[in-house]
Student: 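This structure is in structure tokens; I'll ask about it shortly.
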Amino acid sequence: MKFRAKIIDVGCLNHFTRVVNTISKLTKTCILRLTPGNLYFVLSGKIASGGVSMWCELSQANFFDEYQLEGVAPEANEICLEVTPENLSRALRTAQNAKCVKIKLTKKHCPCLTFAAELPTLSSVSRVVTHDIPVDVIPRRLWHDFKEPSVPDFDVSIYLPPLKTMKNVVDRMKNLSNFLVIEANLNGEMNLKIETDLVSVTTHFKDLGNPPWGDDGSQGRSHSRDPELMAQTRVDIRKLQQFLMGQQVNPSKAMCNIVHKRIIHLILLHEDVSLQYFIPAVA
Amino acid sequence: MLLSTHSQTVDDNYVLVASLDNVRNLSNILKAITFKDHAIFNATPNGLKVTVEDSKCLQANAFIQAEIFQEFTIKEDSVGFQINLTVLLDCLTIFGGSTVAGVTTALRMCYNGYGYPLTLFLEEGGVVTVCKINTQEPEEPIDFEFCSTNVTNKVILQSESLKEAFSELDMTSEVLQITMSPSQPYFRLSTFGNSGNAHYDYPKDSDMMELFQCSKTQTNRYRMSLLKPSTKALALSCKVSVRTDSRGFLSLQYLVRNDDGQICFVEYYCCPDEEAEEEY
């Protein structure tokens, strides 16, 4: 098992830092899956995490100037680590204006991801800040838990409104209720609703548009659907808030797929990064 | 317009409809009196009065005149209800209460009378939020019987000067003592905290002092915990009038200028701390 990578370009470094920061806002721990072509941050929907799952995919070539990987075995050329994204984010914070950052899988007292940031100096002596971040190596027999989730057979798929607007609304609703109903139809309309003993609040978004999903399955149910008919799911409002809080960049595309009364599937696309987030329904 | 089509159905039975182009003109002033959940709303053709009370010792009133609203229609002489102010404020600021120039949230507020919820229609950038907040039977606000003929001392200050003093007040002191006198020290704020006593004196000819009308030396103590909420009003205001009556009751009137330059008033009444009076 061997992994080493290097970022030189400051744009790439900032971009990578933003992605890691976003992940760290979404979850305390997650799986970092390293393959020859990609990095994945994965959270599988365990009960402990409230059933939320996440899948974030980055193409390594867009971030790293050097990238060497030797997986656990030739037929399984991958490494799977359990990491605390907050630690990664903290290491990257000190590397903000580094000349280069090297990331290496090392064996210290325990397996570590070692971040070595070479900082600019005025003298000839180099300054290097090193963070050893403890990680857990996930054995191969558990890998099946961290496969890419399939797009659920949704009832309605809709583009999200500007995330900042949505965040403001959800933040206020969070003060009023623990649960939120998100509903949408194929007419580009989406509503966020809460209802308590004291108050009921509904925010209506319209003209959002519905993404055209190709013929590759997954849109089966929405084909012959009445465009006015709402598909709705009631979710834990904190999970949605967490998702919205983590967003540091306005993605080029943000979508939401709703499986009526079962799950919402949020997708953000930003250049070469895609983030998928699944929030299960609560009764 | 979105708002009007949405509200068509409720308009028939309303007893009160009030609209604002900029919801901040209402939400900001309500923030200045938010220290308890329950607020008593009383609407008359003159406008809206919102009252919040604490421990029968403190009362805050916000007045929003009918002219502040773009539309203010009331079908009865007086409409009253009680509502959860924290919930109302969350609803009014549902779009985040943006301060970005040119981005405002419009509000249309409807009430159909006793037993009905207060309905709010809020719109920003084409997005509409409808809120229905349950109302309760209004309680009668306490009458502090503070009447201007009994006022012993009165000063009007630029809020700026009080803000500074309040931000530096020793909050470990249980009371704030206010001395007003026709002779020195004229206007004095005193605290008695863990780290010693502190006095703030305002000379009567200070630029910050717009009016000084003190007829008799008066020293009263007020619970710091009761006065603390009034700093929210102070922060928003440009002028403040401090008055005490013969019983030592304190009235603080804040003049608040809203985003559109219109003037509203917020007023706090506070009872003096009785134990303290015996010491003096």
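In what follows, chains are A, B, ... by sequence order, proteins preceding strands, each numbered from 1. Hydrogens, waters and symmetry mates play no part in the numbers below; they use all other heavy atoms, side chains included.
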Student: First locate atom OG of S200(A), then atom CG of N134(B), and finally report the distance between them rounded to the nearest 0.5 Å.
Tutor: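 Interatomic distance, S200(A) OG to N134(B) CG, rounded to 0.5 Å: 8.0 Å.
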Student: Would you say that more than 12 heavy atoms from the other residues, nucleotides or ligands in this model lie under 6.0 Å from the CD of Q262(B), or not?
Tutor: yes
Student: Should the heavy atoms of other residues, nucleotides or ligands under 6.0 Å from CD of E148(A) be counted, would the total exceed 12?
Tutor: yes
Student: Got more than 12 heavy atoms from elsewhere within 6.0 Å of CG, D77(B)?
Tutor: no
Student: Where do T202(A) and T129(B) land on the side chain to side chain contact (heavy atoms under 4.5 Å, CB included) test, with the steps shown first?
Tutor: CA-CA 5 Å; T202(A) 307; T129(B) 298; over 6 Å; no
Student: Using 0.5 Å steps for rounding, measure from the NE2 atom of H204(A) to the CD atom of E123(B).
Tutor: 12.0 Å
Student: Out of curiosity, N84(B) CG to D197(A) CG, how far, rounded to the nearest 0.5 Å?
Tutor: 12.0 Å
Student: Name the region of L198(A), side chain, backbone, both or neither, that has any atom closer than 4.5 Å to a heavy atom of chain B.
Tutor: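 It is both, since atoms from each part get that close.
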Student: Taking the side chain as C-beta and beyond, is there a heavy-atom pair between D90(B) and M173(A) under 4.5 Å?
Tutor: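 In short, these two side chains do not touch, never coming nearer than 4.5 Å.
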Student: Got a sec: does the OH of Y116(B) have more than 12 other heavy atoms crowding it under 6.0 Å?
Tutor: no
Student: So for N191(A), is it side chain, backbone, both, or neither that comes closer than 4.5 Å to the heavy atoms of chain B?
Tutor: neither
Student: Within a strict 4.5 Å, meaning less than it, do heavy atoms of the V201(A) and V130(B) side chains meet?
Tutor: no
Student: Give a yes or no on whether Q241(A) atom CD has more than 12 heavy-atom contacts from other residues, nucleotides or ligands under 6.0 Å away.
Tutor: yes
Student: Are more than 12 heavy atoms, taken from residues, nucleotides or ligands other than E174(B), located less than 6.0 Å from that residue's CD atom?
Tutor: no
Student: Do C91(B) and L176(A) have side chains that get closer than 4.5 Å, going by heavy atoms?
Tutor: yes
Student: Is it true that a side-chain atom of R172(A) and a backbone atom of F95(B) form a donor plus acceptor pair closer than 3.5 Å?
Tutor: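 Such a contact is absent between R172(A) side chain and F95(B) backbone.
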Student: Find the distance between CD1 (I94(B)) and OG1 (T165(A)) and round it off to the nearest 0.5 Å.
Tutor: 12.0 Å
Student: Give a yes or no on this: more than 12 heavy atoms of other residues, nucleotides or ligands lie within 6.0 Å of atom CZ of R238(A).
Tutor: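 Check fails, neighbour count at 12 or below.
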Student: Do other residues, nucleotides or ligands put more than 12 heavy atoms under 6.0 Å from the CD atom of Q136(B)?
Tutor: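 More than 12 within 6.0 Å, yes.
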Student: Most heavy-atom pairs under 4.5 angstrom with chain A, which of T93(B), T135(B), V87(B)?
Tutor: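 The answer is T93(B).
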